[in-house]
Amino acid sequence: MKGLSEAGIDFVETGFLQTNVTGETLVYADSKDARKYLPVDRSYTNFLGFCDNSRYSIEQLDDYDGKSFKWLRISFAQHEIDEAIKFCDEAQKKGYIVQFNPMDSISYTDKAREALIEKVNLIKPGSFSIVDTFGAMDMFDLVHIFKQVDALLDKNIKIGLHSHDNLALSCALAERMIELSEERERDIIVDGSLFGMGRGAGNAKTELLADYINKHCGGNYDLQKLLLTIDTYITPILGKVHWGYDLPMYVCGTKHAHVDNVYHLIKRYGCTANEIYDLIETLTPQQRIRYGKGYSKTDFSILDEAYEKYHATK
């Protein structure tokens, strides 16, 4: 966090707020837990807390006191919209600026997205994000969604982009959105992570986006500070931790499927990318993202049944 701040990165996420704190380093009960990781000199960086609507209660959130993160990012599924709106409103009353992140943006119809934006405009969060939860978004999706959001969203609300690199498009999507925002004079926030580090295929790469903005948008990010931070903290673990584009992650993205489906098929059955493609194809759209009835975050029975049927035909 210190390296990112010294490099001039505008927003830095500090970790997860969860009701059940498990002892993991960056999992917090409230904003006080994050203080020990924040640099003394925060320069111009805005720090954010993050929470998933289904894993955190607004009652647990302490009032903003100026000593921890000011921004609060909340993610939520389509069926949780009203709960998330209420959370956002209450968090703002506690002094936070909210970044509103509806998961899996491409699953919304234009009508559903319009209805959501109408509700968002009433509470006026700091930003509203386009979120590519399953790494399935392509350039046509982004342009269509951005134009609709830009046309309907209150002009004082920033538009964010959070993407996953399953189709190797994360940086390209972010750069295209930067271009669109400059054409329309809309403030935006594009998410990235150092060296693209992130679950599954990872995310857009902070150092590449910073370089692009420096070259084409008048940015002044310290690229060497970013490289030094990568060299210090990420390069040493490259042999132990895997993320980034590969064929299983490609299948996950092109079939709009949750990464855990792929992990399960590889770990339990040693499936090849081609086999994963066939198996995911047999699932319904809801089953692919694990929100179907009887298909919980820990229950892969439907996927196991699909594998048994598939294997019996081979």
Side-chain angles (χ1 to χ4, degrees), residues 16 18 20 22 24 52-55 75-81 83-84 101-113 130-142 144-145 162-170 173 196-204 240-314:
F16 295 86
Q18 289 185 182
N20 297 319
T22 59
E24 294 174 271
D52 184 318
N53 180 73
S54 63
R55 300 183 187 181
S75 68
F76 57 94
Q78 265 194 75
H79 65 277
E80 299 172 325
I81 287 174
E83 294 172 38
N101 282 31
M103 294 189 290
D104 194 17
S105 293
I106 63 174
S107 70
Y108 282 74
T109 63
D110 286 353
K111 185 176 180 180
R113 192 178 299 111
I130 299 168
V131 184
D132 183 22
T133 303
F134 303 108
M137 184 179 293
D138 61 27
M139 207 65 68
F140 292 98
D141 295 321
L142 173 72
H144 175 77
I145 294 171
H162 182 87
S163 63
H164 291 262
D165 211 26
N166 297 67
L167 302 180
L169 288 174
S170 280
L173 291 168
M197 184 178 183
R199 188 180 188 190
N203 307 99
K240 303 175 184 177
V241 183
H242 175 75
W243 68 88
Y245 173 83
D246 59 22
L247 288 180
M249 290 300 105
Y250 156 72
V251 174
C252 187
T254 197
K255 290 299 180 184
H256 196 184
H258 197 287
V259 65
D260 280 358
N261 288 315
V262 173
Y263 285 151
H264 180 75
L265 289 172
I266 293 174
K267 183 177 180 180
R268 183 158 185 174
Y269 302 111
C271 289
T272 65
N274 194 47
E275 289 171 329
I276 294 170
Y277 189 98
D278 282 341
L279 286 162
I280 298 298
E281 181 77 12
T282 68
L283 303 179
T284 67
Q286 281 297 99
Q287 290 169 347
R288 294 179 194 188
I289 58 176
R290 298 188 312 150
Y291 294 140
K293 183 178 180 181
Y295 206 64
S296 71
K297 293 181 178 180
T298 57
D299 178 13
F300 292 94
S301 58
I302 293 177
L303 195 57
D304 291 331
E305 290 172 10
Y307 177 82
E308 290 173 7
K309 290 179 182 178
Y310 177 82
H311 187 67
T313 64
K314 298 298 178 178

### Message
Do T272 and N274 pair up side chain to side chain, a donor and an acceptor below 3.5 Å, judged on atom types alone?
### Response
no
### Summary
Correct closest heavy-atom pair for A306 and T282 would be CB-OG1, 3.6 Å
### Message
Is it the case that the side chain of D246 and the backbone of Y250 share a donor-acceptor pair, with hydrogens and angles ignored and the cut-off at 3.5 Å?
### Response
no
#### Entry: Geometric class of the H264/F300 ring pair [parallel <30°, tilted 30-60°, perpendicular >60°]
parallel
### Query
Roughly how far, to the nearest 0.5 Å, is the CZ atom of R55 from the CZ atom of F16?
7.5 Å
### Message
Tell me whether R199 is salt-bridged to D260, with the criterion being a basic N under 4.0 Å from an acidic carboxylate O.
### Response
yes
#### Entry: Closest heavy-atom pair and its distance - L283, L303
CD1-CD1, 3.8 Å
### Message
If we ignore hydrogens and angles and just use 3.5 Å, is the side chain of R113 paired with the main-chain N or O of S105 as donor and acceptor?
### Response
yes
### Task
Could you tell me which non-hydrogen atom of H258 sits nearest to which non-hydrogen atom of C252, and how far apart they are?
C-SG, 3.6 Å
### Query
So, for I145 and M137, which heavy atoms are closest and what is the spacing to 0.1 Å?
CD1-CE, 4.2 Å
### Query
Got a donor-acceptor contact below 3.5 angstrom from the N261 side chain to the R288 backbone?
yes
### Query
Between CG of D141 and CD1 of I130, what distance do you get to the nearest 0.5 Å?
10.5 Å
#### Entry: Where G253 and L167 come nearest, the two heavy atoms and their spacing
C-CD2, 4.0 Å
### Message
Do I266 and P248 have side chains that approach each other closer than 4.5 Å (heavy atoms only, starting at C-beta)?
### Response
yes
### Task
Could you pull out the closest heavy-atom pair between D104 and S107, with the gap in Å?
O-OG, 2.7 Å
### Query
Can K255 and I276 be said to form a side-chain contact (heavy atoms from CB on, under 4.5 Å), step by step?
CA-CA 10 Å; K255 290 299 180 184; I276 294 170; over 6 Å; no
### Message
My understanding is that only residues two or more places apart in sequence, or in another chain, count here; which of them pass side-chain contact (heavy atoms from CB on, under 4.5 Å) with N203?
### Response
H162, H164, S193
### Message
Hydrogens and angles aside, do T22 and E24 bring a side-chain donor and acceptor to less than 3.5 Å of each other?
### Response
yes
